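Data block below; observations after.
Nothing here was measured: the structure is a model prediction, and the numbers come from that model.
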Amino acid sequence: MFETISSIVLTICMTLLWGIAGIVATGLPYSQTSDSLKKRRAFLLRVGGAALLLSALWYATIISQLVTSGWLFVEGTVKAIIPLTLLSQLYLTVTVWPRLKCLRDSGGDAPMTEALRTVAHPSVPLSFYAAALASGIAAFSTVFAQPVLPGPFEVVQRMMLVALLLLVPAIFARRRYVKVVRGEPLQRGLVYRMVNFVAAGTLTAVVAIAILVSNVLAGVQASKLPEASDMMNHDRIDEGGGAATRMSAGSGHHRHEQHGAHHQTGTGTVEVAALTGDISAPADVKFELVAQQEKIPLASGAVIDAWTYNGEIAPELRVKHGDMVEVKLINKDIDSGVTIHWHGYNVPNAMDGVPGMTQNVVKPGQSFTYKFRAEQEGTYWFHSHQQASEQVVKGLFGTLIVESKQDAETFDEQFTVINHRWTTSQGYKHAFGKEDGWQTKQVKPGKKVKLRIINTHKLSQKYLLQGTDFRITSIDGMRIQDPQPLSDQTALRLGSGGRYDVTFTMPDRPVLFKLGDYKNTSNPGIIFYTETPPEEPIFKAESAEFDPSDYGKPVTNDVTAAKKFDREFQMILGNEMGFYNGTFHFLWTINGEVYPRVPTFVVKEGDSVKTTFVNKSLTEYPMHLHGHHMTVLKKNGEKVKTPWLTDTLNVLPGESYEVAFVADNPGMWMDHCHNLDHAATGMILHLMYDHVRASYEVGTRSGNLPD
């Protein structure tokens with residue numbers, strides 16, 4: 001992260017210095033005396049020297065990032081940006097710089113005339129402007145459009161952009177040089193020079209606008225999503241360097257099919273709709289969830305125009321491990337349709353609740369029944385995956401709690417804390433369910449307490465639990481073996497969609513739990529007390545933040561023991577400004593692309609699969625793989641002390657992770673950022689088992705609109 005911030009600061013300063021140098025260089029031919037020329041030249045060399053020094057520091061920063069973080073963090077910059085800056089700066093250093101340094105104040109008309117010819121040469125100001133533009137593109141790219149896996153066209157494209165933007169200044173510089181060579185006097189009046197400057201700037205702006213408009217027109221058309229497709233990108237596949245699959249060119253009928261792929265047939269293949277698992281046994285528990293609009297007041301009185309299941313905030317489904325669970329979803333009045341995705345629960349593919357991939361959206365008046373066996377215990381949640389960036393925000397979510405039939409440890413008190421940010425009649429409100437203030441819970445000393453913390457907000461959230469030591473006993477529903485006590489000055493941070501089970505034994509004093517920083521008094525919290533609750537909760541500043549990479553006993557499974565993987569994928573996470581489905585957005589990219597241009601990851605059943613996440617941008621990405629739990633093996637290139645299992649891994653700016661899983665749940669699965677705004681503008685790819693065929697289509701024609 002330090003290198004990224006340094007790059008931004010350095011490239012912005014470089015842009016400013018090169019720009020100043022370009023303006024000074026443009027004014028050199030207007031010098032009336034050798035003395036004024038000498039002073040301007042000296043100032044130019046000082047400014048240019050400072051810019052070169054900053055450039056050297058920037059290159060050193062890139063090298064440092066390469067050494068500390070690895071090639072994937074710098075590959076786009078090295079391939080697409082550094083050649084651009086190096087070309088202009090090398091030309092300056094090798095050609096222009098020596099000319100300027102060789103100028104001497106010899107007196108007389110002839111030497112002065114010769115000097116003016118030298119400084120009036122178009123290459124002098126243009127080289128400084130080129131360096132400024134290259135540095136500006138570098139600064140812009142670091143913040144707004146990191147180059148990722150650029151090809152030769154993308155590299156040349158940036159060079160062409162600089163050339164086009166220099167076209168008008170080149171014409172003006174050429175006219176000025178011709179006048180000097182012919183011995184014609186230059187108009188040295190300030191007004192004349194300002195008119196020239198404004199004219200050059202205006203014409204350059206016209207060129208820039210023309211480039212922008214052409215890119216806008218092309219971007220709008222290229223970004224439009226098809227009316228219908230089967231959600232799998234058959235023309236762009238990534239087999240992770242492993243053995244050929246049925247999707248390989250020339251070996252399978254899938255590859256060149258479009259939205260009609262669900263009509264394919266083939267030996268040993270199966271449709272998504274058939275991947276229901278064994279649901280022949282009668283249901284042990286049945287639930288009915290009705291999607292409907294409701295006005296719901298929070299504890300403060302603020303009112304939510306909510307979209308709900310059963311007219312309530314976060315209804316809880318509680319079952320026992322091993323139960324056959326049946327959930328009937330009925331859509332009462334959500335016009336765009338709804339589904340239920342069981343977040344983190346590795347159900348059979350046909351029950352995963354992704355419209356257009358595993359089912360058709362449930363439209364008003366329709367229903368869909370989900371049925372699966374509860375084979376994972378722990379804390380989970382469910383939400384609609386139809387236009388999820390809108391529907392989850394409005395409230396279409398709930399909790400799924402799967403209890404162990406024979407838990408070795410029992411708890412006297414259990415609380416589910418589902419954190420969400422609501423849009424209300426009083427503005428944004430954070431709340432635990434619908435409690436947006438402080439709650440009080442009386443607990444007797446010595447009682448064992450479990451908090452099930454779920455973050456449904458799109459951003460990671462920090463939590464404080466103070467007044468007693470505590471343990472993290474589960475992450476994303478997966479138990480931690482031998483969890484050690486954590487100090488009450490340890491903060492917890494949960495990425496979007498993540499869950500922690502936190503346990504403690506109630507002491508003879510209050511225990512305080514809250515959302516956010518210790519100074520923030522407006523966020524919700526819970527006071528656990530024994531006799532009388534304190535009048536005002538007081539928190540201390542945290543001294544540490546919980547790190548799952550060094551906690552409890554390490555997970556051991558097939559992938560932690562693997563020396564080699566059948567397939568290895570990489571996901572470089574970034575952002576750029578551009579168009580998505582014809583509308584201008586801040587785009588969130590995987591390997592420099594957005595859905596549907598991101599390749600589909602293809603695996604065979606039984607493969608061991610490794611994925612490397614690399615965050616090159618300035619924001620976090622909670623990466624969520626459907627249908628599988630990932631084992632975290634490395635962080636920032638180093639093996640973690642305690643590999644752990646997760647279904648939603650929050651990758652912070654400048655971080656990289658290596659995770660792995662066994663492909664043991666056949667289907668077509670989403671793998672996306674769970675900041676659902678990011679997913680809505682393309683931060684989605686798909687994991688596809690090579691023997692699985694699509695059963696549904698996505699797009700406006702079907703109304704299946706997942707994100």
Side-chain angles (χ1 to χ4, degrees), residues 1-22 24-25 44-101 123-152 154-163 165-166 572 574-576 592 614-618 636-637 653-656:
M1 190 62 181
F2 171 76
E3 288 89 349
T4 302
I5 299 299
S6 297
S7 290
I8 294 170
V9 173
L10 288 170
T11 50
I12 289 174
C13 291
M14 287 158 53
T15 304
L16 291 173
L17 288 176
W18 287 126
I20 292 169
V24 174
L44 175 60
L45 290 177
R46 284 196 295 270
V47 173
L52 283 175
L53 177 61
L54 292 182
S55 298
L57 289 174
W58 181 58
Y59 295 132
T61 300
I62 301 301
I63 293 171
S64 171
Q65 193 170 24
L66 172 62
V67 172
T68 58
S69 301
W71 171 245
L72 290 180
F73 275 93
V74 301
E75 55 83 28
T77 303
V78 170
K79 289 189 282 188
I81 303 300
I82 287 182
L84 192 64
T85 59
L86 271 178
L87 279 175
S88 57
Q89 292 170 10
L90 282 175
Y91 184 83
L92 263 170
T93 305
V94 174
T95 305
V96 176
W97 211 259
R99 292 186 205 165
L100 295 175
K101 292 188 73 173
S123 64
V124 175
L126 292 179
S127 57
F128 286 103
Y129 286 132
L133 285 170
S135 299
I137 290 173
F140 180 85
S141 297
T142 305
V143 180
F144 297 109
Q146 303 87 20
V148 175
L149 306 174
E154 192 174 345
V155 175
V156 172
Q157 195 177 38
R158 284 174 169 79
M159 295 181 181
M160 290 298 297
L161 175 61
V162 171
L165 291 176
L166 289 176
I572 305 176
N575 58 265
E576 66 181 25
V614 175
N615 186 350
K616 292 185 65 172
S617 76
L618 299 175
N636 298 333
E655 286 186 343
S656 67

Yes or no on side-chain hydrogen bond (donor to acceptor under 3.5 Å, both in side chains) for Tyr129 and Ser88, after CA distance, side-chain angles and deciding distance?
CA-CA 9 Å; Tyr129 286 132; Ser88 57; over 6 Å; no
Does a side-chain heavy-atom distance below 4.5 Å link Thr4 with Gln65?
yes
Taking the side chain as every heavy atom from C-beta outward, state whether Leu45 and Trp97 have any atom pair closer than 4.5 Å.
yes
Rounded to the nearest 0.5 Å, how far does CG of Leu10 lie from CG of Leu53?
9.5 Å
Step by step, would you call Ser55 with Gln89 a side-chain hydrogen bond (donor to acceptor under 3.5 Å, both in side chains)?
CA-CA 9 Å; Ser55 298; Gln89 292 170 10; 3.1 Å; yes
For residues Trp18 and Leu92, determine if any side-chain heavy atom of one lies less than 4.5 Å from a side-chain heavy atom of the other.
yes
Output for pair (Thr93 OG1, Leu86 CG), nearest 0.5 Å, gives 9.5 Å
Donor-acceptor contact below 3.5 Å, side chain Glu75 vs main chain Leu149
yes
Hey, what do you get for CD1 (Ile137) to CG (Leu161), rounding to the nearest 0.5 Å?
4.5 Å
Minimal non-hydrogen separation, Val124 against Leu100, with atom names:
CG1-CD2, 4.4 Å
Sub-3.5 Å donor-acceptor pair from the side chain of Ser141 to the main-chain atoms of Ala138, do we have one?
no
Trp58 versus Thr77: any side-chain heavy-atom pair under 4.5 Å?
yes
pair Pro147-Lys79: side-chain heavy atoms closer than 4.5 Å:
no
Closest approach of Glu3 and Ser64, non-hydrogen atoms and distance?
OE2-OG, 3.4 Å
Measure from the side-chain N and O atoms of Ser135 to the backbone N and O of Ala131, and report whether any donor-acceptor pair falls under 3.5 Å.
yes
Strictly distance-based, threshold 3.5 Å: is any side-chain N or O of Lys616 a donor or acceptor partner for the main-chain N or O of Asn575?
no
Determine, step by step, whether Ser127 and Thr95 satisfy the side-chain contact (heavy atoms from CB on, under 4.5 Å) criterion, reporting the C-alpha distance in whole Å, the side-chain angles of both residues, the deciding distance to 0.1 Å, and the verdict.
CA-CA 10 Å; Ser127 57; Thr95 305; over 6 Å; no
Main chain of Gly136, side chain of Thr15: is a donor-acceptor contact present, judged purely on distance under 3.5 Å?
yes
For Leu66, is there any backbone N or O sitting under 3.5 Å from a side-chain donor or acceptor partner on Ser69?
no
Nearest 0.5 Å, what's the CE-CG distance between Met159 and Leu87?
5.0 Å
When you look at Glu655 and Asn636, which way does the side-chain hydrogen bond (donor to acceptor under 3.5 Å, both in side chains) test go after all the steps?
CA-CA 6 Å; Glu655 286 186 343; Asn636 298 333; 5.1 Å; no
How far apart are the C-alpha atoms of Phe128 and Leu44, what are their side-chain angles, what is the distance that settles it, and do they pass the side-chain contact (heavy atoms from CB on, under 4.5 Å) test?
CA-CA 10 Å; Phe128 286 103; Leu44 175 60; 3.8 Å; yes
